[in-house]
Number of protein chains: 2
Amino acid sequence: MENITENARSQMRKGVLEYCILCLLAKEDAYASSLIARLKEVNMIVVEGTLYPLLIRQKNQGLLTYRWEESTQGPPRKYYSITDKGREQLAQMDEAWNDIITTIEKIKS
Amino acid sequence: MENITENARSQMRKGVLEYCILCLLAKEDAYASSLIARLKEVNMIVVEGTLYPLLIRQKNQGLLTYRWEESTQGPPRKYYSITDKGREQLAQMDEAWNDIITTIEKIKS
DNA sequence: TTTGGTACTTTGTGATACAAGGTATTAAAA
DNA sequence: TTTTAATACCTTGTATCACAAAGTACCAAA
């Protein structure tokens, strides 16, 4: 019941966020905090409480795996890697994303 | 727990759908069934149970108004129009949408 | 008066972003 | 030794939303 625009932005992020994670992990392994930092850089604001359950979901779906790695500064980090199944899913999401962009273009034309 | 891609597509539509409705109504007034037909044309599959509550929400937010119009075939139709406030919201959603596209492009590059 | 088409509405469910809080590890400061 | 600060991971409760599946109402033709 507050800023409806902010809510709209939040809703638009829904689903796209999952796509972003797969995109990022397709390029290199990463741990949660570094993913958050990367997403902040590109103005995709995400909080921990959103990202951690998302990573767990994707891992449970077999899209990701992880390994623990020591850090020189602070506690160990959980590095996530994309799996073959994750890359397949990413390819399908690429298609879905392009479809949506096309749809919006059609609607606006 | 079935087709995760279909679920992902559905999640991607979330929020974007609200945007689509404003885009369509910015061009011309329409009633629910015609909006559904239009969205099906552009492969944005939407069912009644999704669209009707959405229209009611947007009307309650002051983004839309409606009027009843007789039909030559069948029951009267509820024609929706976008309001000034709706056009403001649409402008902000244009911006949000372009931001997200830019974000994905950055992430994929 | 029944049937079929059109149109609008409601209810229940599952999925998900977010806010707010918590736990655990490490190293440096008090 | 104890405290503090930084880093990193995790959980719980809430609100929102798309969807499936139902229902209600109007109208015209058979």
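The sequence lines fix the lettering, A, B, ..., with proteins before strands; numbering per chain opens at 1. No experiment lies behind these values; they were computed from the predicted model shown.
Not counting sequence neighbours, K106(A) has no partner by the salt bridge (charged side-chain N to carboxylate O under 4.0 Å, His left out) test.
For N7(B), whose side chain is taken as the heavy atoms from C-beta onward, the closest listed nucleotide among dC10(D), dA15(C), dA17(C) is dA15(C). For Y31(A), counting side-chain heavy atoms from C-beta on, the closest listed nucleotide (dC9(D), dA17(C), dC8(C)) is dC9(D). Of the listed nucleotides (dT10(C), dA7(C), dA15(C)), dA15(C) has the atom at the smallest distance from the side chain of K14(B).
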Problem - Stepwise side-chain contact (heavy atoms from CB on, under 4.5 Å) check, I21(A) with L63(A) - result: CA-CA 11 Å; I21(A) 300 305; L63(A) 309 178; over 6 Å; no
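The shortest distance between the side-chain N/O atoms of R77(A) and the OP1/OP2 oxygens of dA8(D) is below 4.0 Å. The phosphate of dT16(C) has neither OP1 nor OP2 within less than 4.0 Å of any side-chain N or O from R13(A). Between dC9(D) and Y52(A), a contact under 4.0 Å exists linking OP1 or OP2 to a side-chain N or O. Contact annotation: R57(A) side-chain N/O to dA15(C) OP1/OP2 distance is not under 4.0 Å.
To the nearest angstrom, C1' of dT16(D) lies 11 Å from CD of Q11(B). Rounded to whole Å, atom P of dC8(C) lies 9 Å from atom CG of L55(B). Nucleotide dA20(D) holds its C1' atom 15 Å from the CD1 atom of I45(B), rounded to whole Å. Taking atom CG of L17(A) as the reference point, atom P of dC18(C) lies 7 Å away to the nearest angstrom. Rounded to whole angstrom, the span from the CZ atom of R9(B) across to the P atom of dG14(C) amounts to 24 Å. Across the protein-nucleic acid pair, I56(B) atom CD1 and dA18(D) atom P stand 13 Å apart, rounded to whole Å. Straight-line distance from the NZ atom of K40(B) to the C1' atom of dC19(D): 13 Å, rounded to whole Å. Summarising the geometry, the separation between CG on N60(A) and P on dT16(C) is reported as 12 Å, rounded to the nearest angstrom.
Mapped onto DNA chain C by nearest heavy atom, Y80(B) and V47(A) fall at different nucleotides, with Y80(B) at the one closer to the 5' end. Take the nearest nucleotide of DNA chain C for S34(B) and for S10(A): the residue whose nucleotide is more 5' is S34(B).
M44(A) is listed as a side-chain neighbour of V16(A), based on a closest heavy-atom distance under 4.5 Å.
Within a 6.0 Å radius of CG in D84(B), other residues, nucleotides and ligands contribute 12 heavy atoms or fewer.
Here salt bridge (charged side-chain N to carboxylate O under 4.0 Å, His left out) pairs that include residues 21-35 of chain A, with residues two or more places apart or in two chains, are D29(A)-R67(A). Judged as a salt bridge (charged side-chain N to carboxylate O under 4.0 Å, His left out), the pairs with a partner in residues 41-51 of chain B (not counting sequence neighbours) are, in order, R38(B)-E41(B).
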Between protein and nucleotides 28-30 of chain C, what N or O pairs are separated by less than 3.5 Å?
none

Fill in the blank from the handout: Per-nucleotide protein contact along nucleotides 21-30 of chain D, 5' to 3', at a 4.0 Å heavy-atom cut-off (B base, S sugar-phosphate only, - neither), is BB---BS---
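Linking ILVMFWY side-chain heavy atoms closer than 4.5 Å, directly or via other members, places I104(B) and I101(A) in a single hydrophobic cluster.
Hydrophobic cluster membership for Y79(A): Y31(A) (Ile, Leu, Val, Met, Phe, Trp, Tyr linked by side-chain heavy atoms under 4.5 Å, directly or transitively).
A distance-only check finds a donor-acceptor pair linking the side chain of Q58(B) to the backbone of E18(B) [under 3.5 Å].
When each of Y52(B), Y66(B), W68(B) is paired with Y80(B), the ring-ring contact (aromatic ring centres under 6.0 Å, His included) condition holds for Y66(B) and for no other.
One cannot find a donor-acceptor pair under 3.5 Å joining the base of dC9(D) and the side-chain atoms of K78(A).
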